[in-house]
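None of these values were measured; they are calculated from a predicted model. Residue indices begin at 1 and follow the sequence shown. These numbers come from the heavy atoms of this one structure, side chains and all, not from hydrogens, waters or symmetry mates.
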Amino acid sequence: MKSIIGGIKVIYSRIGDTADSVIKRIISSERRQWIVITSDRDIAHHAWSSGSIPLRAEDFLNILQRKSFSNPEEDEDKEDWPEISRKGNPKRLSKKDRAISKALSKL
């Protein structure tokens, strides 16, 4: 069953079918890059393996709150991102972080 609420397509799972399996089926069946808002590690892993970008629900909420209260002409604060120690060029983001940044710029 599908409905549209506030411009967002809402898809309900059938009886006996889990929401996780519906999400995985949608991500896998439609060959496009999705931005998947989830804090579920299994779905996030499936999204990465299917070429989509998973974004934690808490991060998505922070983005929505920042966009609703900030001036759209201002740059996003980079101070909100945690510092991660790793090898290699410290100024270049990892491949996953670059993909997430690209997806976030579309929101």
Side-chain angles (χ1 to χ4, degrees):
M1 180 176 173
K2 298 178 185 178
S3 64
I4 297 178
I5 301 171
I8 298 172
K9 185 193 293 187
V10 179
I11 302 172
Y12 300 94
S13 59
R14 296 180 179 155
I15 294 176
D17 204 3
T18 65
D20 288 2
S21 64
V22 172
I23 292 168
K24 288 178 182 179
R25 188 170 48 246
I26 290 170
I27 293 170
S28 299
S29 66
E30 296 185 28
R31 290 290 172 202
R32 56 186 275 194
Q33 189 178 48
W34 294 94
I35 299 174
V36 182
I37 312 301
T38 184
S39 293
D40 184 293
R41 281 192 243 174
D42 186 40
I43 292 179
H45 177 72
H46 185 79
W48 279 122
S49 65
S50 299
S52 295
I53 312 288
L55 183 61
R56 290 183 331 133
E58 297 83 15
D59 294 339
F60 183 65
L61 178 62
N62 289 336
I63 291 166
L64 291 178
Q65 290 173 338
R66 204 174 344 171
K67 295 233 183 217
S68 65
F69 293 115
S70 68
N71 184 352
E73 296 175 4
E74 293 177 6
D75 290 334
E76 290 186 17
D77 295 334
K78 300 293 180 187
E79 298 172 10
D80 294 344
W81 297 98
E83 289 294 322
I84 301 171
S85 62
R86 58 182 174 246
K87 297 179 182 178
N89 184 349
K91 295 182 180 179
R92 183 172 175 146
L93 296 173
S94 69
K95 188 174 182 179
K96 284 186 177 183
D97 289 337
R98 287 194 309 267
I100 290 171
S101 293
K102 185 177 178 181
L104 290 177
S105 69
K106 295 178 182 180
L107 298 178

Write out all pairs satisfying salt bridge (Lys or Arg N to Asp or Glu O under 4.0 Å) with one or both partners inside residues 35-48, taking only residues at least two apart or from two chains. Lys24-Asp42

Looking at residues at least two apart in the chain, or sitting in another chain, which of them share a side-chain contact (heavy atoms from CB on, under 4.5 Å) with Ile53? Gln33, Trp48, Ala99, Ile100, Ala103

Do any side-chain atoms of residues 2-16 form donor-acceptor pairs under 3.5 angstrom with protein atoms, and if so which ones, sequence neighbours left out?
from	atom 1	to	atom 2	distance (Å)
Ser13	OG	Asp17	O	3.3

Go through the structure and list residues passing side-chain contact (heavy atoms from CB on, under 4.5 Å) with Thr18, not counting sequence neighbours. Asp20, Ser21

Just to verify, what does Arg56 make a salt bridge (charged side-chain N to carboxylate O under 4.0 Å, His left out) with, not counting sequence neighbours? Glu58, Asp59

By side-chain contact (heavy atoms from CB on, under 4.5 Å) - contacts of Ala19 (at least two apart): none

I need the minimum non-hydrogen distance between Ser50 and Ser28, along with the two atoms involved. OG-OG, 3.8 Å

CD1/Ile23 to CD1/Ile37 distance, rounded to the nearest 0.5 angstrom? 11.0 Å

Is there a path of hydrophobic side-chain contacts, each under 4.5 Å between heavy atoms of I, L, V, M, F, W or Y residues, that connects Ile35 with Leu64? yes

Who are the side-chain contact (heavy atoms from CB on, under 4.5 Å) partners of Ser52, not counting sequence neighbours? Ile27, Trp34, Val36, Ala47

